[in-house]
Amino acid sequence: MTTTTKVEHLRNHIHLTNCIHLKNHMHNNNNNSKQSPVLTDRSLLMRDLVLLQRSRSLRDPSASPRMKEDNKEGKRRSTYKNVVSKPGLRLCSSSPIVSFGGGGTSKVTPSVEKLDGLSRKKSYRVQKYEEEGGHGEQNMATAVPRHGCGLPFNWSRIHHRGKTILDIAGRSLSCGMSDSKGRKGLNDTPISSLPLLVDSEGWQHDYSGELGIFADDLLNNGKDSDFSENSSRRNARLHQSFTQKYGPRTFSDLVGQSLVVQALSNAVAKRRVGLLYVFHGPNGTGKTSCARVFARALNCHSMEQSKPCGVCSSCVSYDNGKNRNIREMGPVKSFDFESLFIKKRQKHHLVLIFDDCDTMSTDCWNALSKVVDRAPRRVVFLLVCSSLDVLPHVVVSRCQKFFFPKLKDADIVGSLQGVALKEEIEIEEDALKLVALRSDGSLRDAEMTLEQLSLLGTRISLPLVQEMVGLISDEKLVDLLDLALSADTVNTVKNLRTIMETGVEPLALMSQLATVITDVLAGSYDFTKEECKRKFFRRQPLSKEDMEKLRRALKTLSELEKQLRVSNDKVTWLTAALLQLAPDQRYLVPPSPCNNAAPRPSVEDIWLAVIEDVRVNGLREFLYREGKIFSISIGSAPTVELMFNSPVTKLTAENFRDHILRAFEAVLGSPVTLAIRIESKKDLKNVGSSSLRSEIVELEDETESDRRKDLEASQKQSIVRGKASLGQVIKQAEGNSWSKRKAMLIADKLEHENLRLESSSRSLICWKSSRSVRRKVSRLKKVRRRRVRLHSLLKIVMCGKSLSTASPSRF
Ligand SMILES: Nc1ncnc2c1ncn2[C@@H]1O[C@H](COP(=O)(O)OP(=O)(O)OP(=O)(O)O)[C@@H](O)[C@H]1O
Ligand SMILES: [Zn+2]
C-alpha cells in the first residue's frame, strides 16, 4: 500500500467513525433543535484536521506518543478530562477512539467544550491513560495516535517490547466505534448532575459501544443530520466490526466461561440476584459482554425461552439503546448514588454496569460503599475490571466475584471459525491457530486480527498471518536453516539480513527456528508443499547424521537464547549461532603449528633460529657460546628458561633481555615469558649428558591447564627435568607385536623407569627424575597405580604411534 492509498483508506475510516460520533453528538445535543450548519462545517473541518494529524503520524510513527511501558492491567488508571457543557450530555462515548496497547496510551475523543457565550466548539482531544493522579490530556499537536484504522502503514514491522503490533493492538486496532474502551473514555462527566431515574431522553444514546447499538439506532433515525445526505458515508457508518457483530447476546454465546455462565443464568432463573457483582480477569475475555447479557437477562420478560430472549420488549429496547433500566458507565469520577433512592419501588431491575471500575475515583468508591447496604432491592451493581487488587476491600468483600480466565486457543479457534464462515472468509486452520496463539487468550484480539486479515482478501493462508503478525513464514525459516546447515556462509548471512530487514525480532526468529527444527525432528513438518531447491533438506527422509546435526543445531540455538536475551547486539549473536550450525569448509583455519600432527622443531632448532634472529652481532655469538635453553613450554603462553653458567654471563644476557625476547617471540610467533638463570650444580648433576639437557614441554591450552593447575603444576615443575627416549621404547613395542602379558610387563617396566605418559594431559612428558622426586612420585602413584598402569600403556602405545610417524626425532 502506498502512503497515499493508506491515507485514503484512513480517510474513509476515520470519516466513518467520526461520523458516528458526530451523529451521536448531534443527537444528544439536539433534543430540541436541529443541528446548525456552523457546527456541521466545524465538525467537518475538525475531521479533516484529525485526518491530517493522523496521516502525519502514518508517515512518521515516531511522532506518536511514547507507548507506556507498564501495560499491567491492574495498574491502569485514567484521567478523563472531557468537558461536557451540559448535564446529560456525554458526547465522547461513541468517540473514534484510537488507542495503542492494552495499557492504553492515547485516545482520541471528540468532545464538546464549553466556550464563551452560546457557541460550542468541537475539539478533538487525545486522552492519555496515565498513572493515578496524572492528567494525560494532550492536544493533537503533541499526541498523535499511531494508527487511525485497523492497518498501520507498517503494521508488520511495528514491535513493542518484543511483541508485534498485533500483540498489543487487540482492541486498539479497532476502528473507533468498535472499541468498547471508547465509551469508557468519557465518563469524567460528573454523573451526579445526571438525574438517574429522571427520564432523560438522550442520556443513554451516547455511545456506540462494542455492540454499536446506540449508534445504529441513531443512524436509523437519520433525520437530523447533513451526514445522511451522503449515502456512501452512511453505508460506511453502518459498518460493524466483528466484535460488534459477533459480540455475545445470550449466555450461550459466551465462549469458554461456562462456570460464570452457569452461575449467572441460575441466579436469574432462581431469582437469587445479588446487589454487587464484580467481573474480573484479563482483557477481551467477555467480562463486559457478560455483564450486558446478565443485565438483559435480569430484565427479560420471557417466560418460555431462556433469558435474555432477545424478543421481549425489554430485550428489544435494550438492543435499540432505549432501555433505561440498564446503564453502562465507564470510569466515573463521581456518581450520585443517592439519586437511586428517588424511586424506591422499581418494577424492573436497575442494573448499573461500571466498566473499568478500577479507574473509578476514590470519592466514587466512598459513595458506593455508603449506599451498598441501603440500596433499593432491585438495584444491581455490576463492576467490571481487570484486577481485584486495586479495588477497595470494603466494596470487594461485599461482591460476588466472577473471574474470567483467558480463553483457550481451541475455544478461540472455534469461535473464529464461526465468524469466518459467516463472513465467507477462507482461512487455513493453521492460520487460525496462529491468530489464536498470538491473541493470548483474548477473543477480542483474535476477532480484531481476523477482521484485519479479512481486509487482505478472502483467502487467508498461514504465511500471510505470519507476515502480518511479524513472524517469518515456515518456508523462509526452512530456507534459512537449509543454508546454515549446508554450510553456505555467504547466503546464510545474506538471507538472515534480508529477514532482519523485515523488522522481525531476533529472539522471535530464533524461537521460530527452534520450533521448525523441533517439528522436523518430530516428523511433523511437511516438506511436500515446498520447492526442492534446498541442499540439506533435499533428501527426505533425513539421514541419521542429518537428524543428529539438527539436534545439535537445536542445542546451539537454545544455548544462544540466554545470550540473546542479555545482549545488545542480538543480530550478531544470531548470525554467529547460525554459522555454527555447520562449519563452512572454505573458512576452516589450517591446523596450527602446535598441532600434534605437524612436525615440531627440536629445542636446538628453536635455539638456533632465535640466535639467527638476534639483530646484534656480538650478542649472537655470545648466546651461541654461553647460553642454552633449559626448557621451553609451548602453548598459548610459551615460557622459555635460558641458562648461563656464570653470574657474569647471566648479567650480560639480562642486559640484552629485550633483544633476546624479541627474537624468541619472532620465532615462536607469540608473546613469550623469558626466564634467565644460572646453571646450578644440581642441574648439572640431574642432567645426564649435555645433549639431553634440554627439552620441550608441550602444555595444554590455557583453559584446560587452568582447571588442572593445582593438581599437576607441582608434578610438572618437579618432574620434568630430563628426557628419556620414549620413542625408542615405543618403536620397539610396535616392532615386536607384544602379547597382553608382555605389554603389562613393559608397562610396569616403564613405570619403574619413570617413563610415563601423563594421562590427563595432551602432552607427552618424559622424565628421568632425581631420587627425591621419584619418592614423591611413587607416593602419588600408590594411590592410582592399577588404574594408571594399563591406561599409561595404552596411551603410550597410541602416542608412540603418532610420535613415531609424526616426529620420531623429537626426543
Ligand atoms: N467469552 C467470550 N465469548 C464471546 N465473545 C467474546 C468473549 N470474550 C470476548 N469476546 C469478544 O470480544 C469482544 C469484547 O469482549 P468484552 O468487552 O466483553 O471483553 P472484556 O473482558 O470486557 O474486555 P475488557 O476488559 O478489555 O473490556 C466481544 O464483543 C466479543 O466479540
Ligand atoms: Zn427478553
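When a ligand or atom number is given, it counts from 1 through the structure's own listing order.
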Using a strict 4.0 Å cut-off to heavy atoms of [X], name the atoms of ligand 1 that fall inside it.
X	result
Leu254	1 (N), 2 (C), 3 (N)
Asp253	3 (N), 4 (C)
Gly247	29 (O), 30 (C), 31 (O)
Thr285	1 (N), 2 (C), 7 (C), 8 (N), 9 (C), 19 (O), 20 (P), 21 (O)

Can you tell if the side chain of [X] reaches within under 4.5 Å of the side chain of [Y], non-hydrogen atoms only?
X	Y	result
Lys406	Ser442	no
Val278	Leu388	yes
Asp358	Asp356	yes
Arg327	Ile353	no
Ile427	Leu450	yes
Phe381	Tyr277	no

Within rounding of 10°, what is the angle whose vertex is the Zn ion (ligand 2) and whose arms end at SG of Cys300 and SG of Cys309?
100°

How large, to 10°, is the angle at the Zn ion (ligand 2) when you draw lines to SG on Cys312 and to SG on Cys315?
100°

Option with minimal heavy-atom separation from atom 3 (N) of ligand 1, where the choices are Asp445, Val384, Asp358, Val255:
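Selected option, by shortest heavy-atom distance: Val255.
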
Does any N or O atom in [X] lie less than 3.5 angstrom from one in ligand 1, N or O only?
X	answer
Pro248	no
Lys287	yes
Asp355	no
Thr243	yes
Gly286	yes

For the pair Glu423 and Lys245, find out whether any cationic side-chain nitrogen is under 4.0 Å from an anionic carboxylate oxygen.
yes

Closer than 4.0 angstrom, basic N to acidic O: yes or no for Lys433 and Asp409?
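Judged by the 4.0 Å cut-off on N to carboxylate O distance, Lys433 and Asp409 do not form a salt bridge.
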
Pick one of side chain, backbone, both or neither for how Gln244 approaches ligand 1, counting any non-hydrogen atom pair under 4.0 Å.
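Near ligand 1, Gln244 shows nothing, with every heavy atom at 4.0 Å or more.
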
Close approach of Ser386 to ligand 1, heavy atoms, under 4.0 angstrom
no

Restricting to pairs with a member in residues 413-433, which pass ring pair (Phe, Tyr, Trp, His ring centres under 6.0 Å), not counting sequence neighbours?
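Qualifying pairs: none.
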
